[in-house]
Amino acid sequence: MVQAVRRSSGLKYLLAGGAIVLAIGVIADWPGELPIALSTKKPTTLPCQQVIAEKSFLSRPQLSKFLTIPEGSTQAQVQAVMQEPFCQLPDLQVRPGVTARRLAYPLEFDPKTWLVVLYEGESYAGYAFSFRH
Amino acid sequence: MQAMRLAFGIKVWLGLVVLALLLGGCDRALAPKETVRLNLYQQWQLQPGDQLQGHAVLGGLGDISIQLNGQALYAPFAGQARQDDRQCLVFSSPDVPAYLFRLCGLSDRRLGEHPQGAVIGKAAVVHIATLRRQPDGKWAIVEPSKPILERFLTKS
């Protein structure tokens, strides 16, 4: 009798636990997003087309100065506060007839994070932080 | 006996709370649900996603509409897919600063981080707009090159 009571209470916990896990699954919008989240592999690193300065890292003061430069400035204005980039990523043509050059600068205080700077012609178009290298 | 049951019950609940928190955390980190509000440089009255006399507006200024017949669209670079307030997908990549791609008309949209070449959605017809960031922070609709659009159509 005691055995039977124990078994039935165990079953109750199992059913209750299963129901709650199911509810969490529904709330988390499964199967809409969860399998995607689980199947997402870490993005692969974009290879450098050409390494320019192998031991080049951007210091915190250099980054601070860089972040004050407005988009649309000339490449010379940007490079005045930077050192040589670590590498150049393959050129792109996002717009027809306009070549986008991309230079990568690993951060001295976090070398796995790269500052990617995009130029079109002589004009500085924008930057982004790439966290995957 | 009662005490043991109570202790077991508490353990089960604690376990489930931790599990829920972990799942919630993962969900937020990997599949961002927040919508992107694009501050466009060219403000046309009608935008994709609007209604006109009860009919849906599917494309607008600067959209290139491509017939996919239900085929997949691929991430052109490693990057992130979010949705805007008109249910279009906004794709951005840290490898391509200053640009965004707005993709309307997708079904089976896949939000979150993607490696290059991952499927980001399917469509009968997809409407792609290419946006370039302006110095004032607004996004200007620009002409896309053929090679950049081809990256969306083939698994690279």
Side-chain angles (χ1 to χ4, degrees), chain A residues 2 5-6 9-10 12-14 16-17 20-21 23-25 27-30 32-46 70-73 89-90 92-100 102 104 113-120 123-133, chain B residues 1 4-5 8-9 11-13 15-17 19-24 26-31 33 75-81 92-99 101 108-120 130-137 142-149 151:
Chain A
V2 175
V5 168
R6 269 192 197 154
S9 79
K12 270 186 206 163
Y13 284 127
L14 192 70
I20 290 163
V21 168
I24 291 167
I27 290 163
D29 205 11
W30 189 86
E33 287 182 2
L34 203 57
I36 295 153
L38 292 174
S39 68
T40 302
K41 287 178 193 158
K42 263 208 142 53
T44 48
T45 305
L46 228 176
E71 287 118 329
S73 301
L89 302 178
L92 290 175
Q93 277 216 357
V94 185
R95 295 184 287 153
V98 182
T99 300
R102 299 174 294 162
T113 302
W114 289 14
L115 173 76
V116 180
V117 182
L118 189 144
Y119 296 100
E120 285 180 332
S123 176
Y124 157 56
Y127 73 90
F129 290 105
S130 189
F131 299 101
R132 312 184 307 271
H133 302 277
Chain B
M1 186 73 186
M4 270 177 67
R5 264 193 211 165
F8 179 69
K11 274 183 199 164
V12 168
W13 276 108
L16 286 168
V17 166
L19 183 70
L21 287 174
L22 283 174
L23 282 176
C26 289
D27 197 36
R28 264 195 299 281
L30 293 169
K33 289 210 172 97
F77 307 94
Q80 191 183 41
S92 59
S93 168
D95 296 327
V96 189
Y99 283 99
F101 301 93
D108 191 16
R109 292 171 305 143
R110 302 190 182 176
L111 303 176
E113 295 286 341
H114 295 287
Q116 185 174 326
V119 174
I120 52 175
T130 304
L131 307 160
R132 186 179 187 272
R133 198 178 138 86
Q134 302 300 291
D136 63 1
V142 296
E143 181 189 3
S145 71
K146 278 187 192 176
I148 218 77
L149 294 182
R151 279 175 172 260

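All values reported here derive from a predicted model rather than from experimental measurement. We name chains A, B, ... by the order of the sequence lines, and we start the count at 1 in each one.
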> Among A:Pro96, A:Gly97, A:Ala104, which residue has the highest count of heavy-atom pairs closer than 4.5 Å to chain B?
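It is A:Pro96.
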> Using a cut-off of under 4.5 Å for heavy-atom pairs, which of B:Ala98, B:Ala75, B:Pro147, B:Pro97 has the most such pairs with chain A?
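Most heavy-atom pairs under 4.5 Å with chain A: B:Pro97.
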> Which one, A:Gly72, A:Ser73, A:Ala125, leads in non-hydrogen pairs under 4.5 Å with chain B?
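Most pairs with chain B among the choices: A:Ala125.
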> So, for B:Val96 and A:Leu92, which heavy atoms are closest and what is the spacing to 0.1 Å?
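Where B:Val96 meets A:Leu92 most closely, the heavy atoms are CG2-CD1, 3.8 Å.
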> Quick check: closest heavy atoms across A:Arg95 and B:Glu143, and the distance to 0.1 Å?
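Minimum heavy-atom contact is CG-O, 3.3 Å.
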> Side-chain contact test, heavy atoms from C-beta onward, threshold under 4.5 Å: evaluate it for A:Ser130 versus B:Asp95 and give yes or no.
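The answer is yes; the side chains approach within 4.5 Å.
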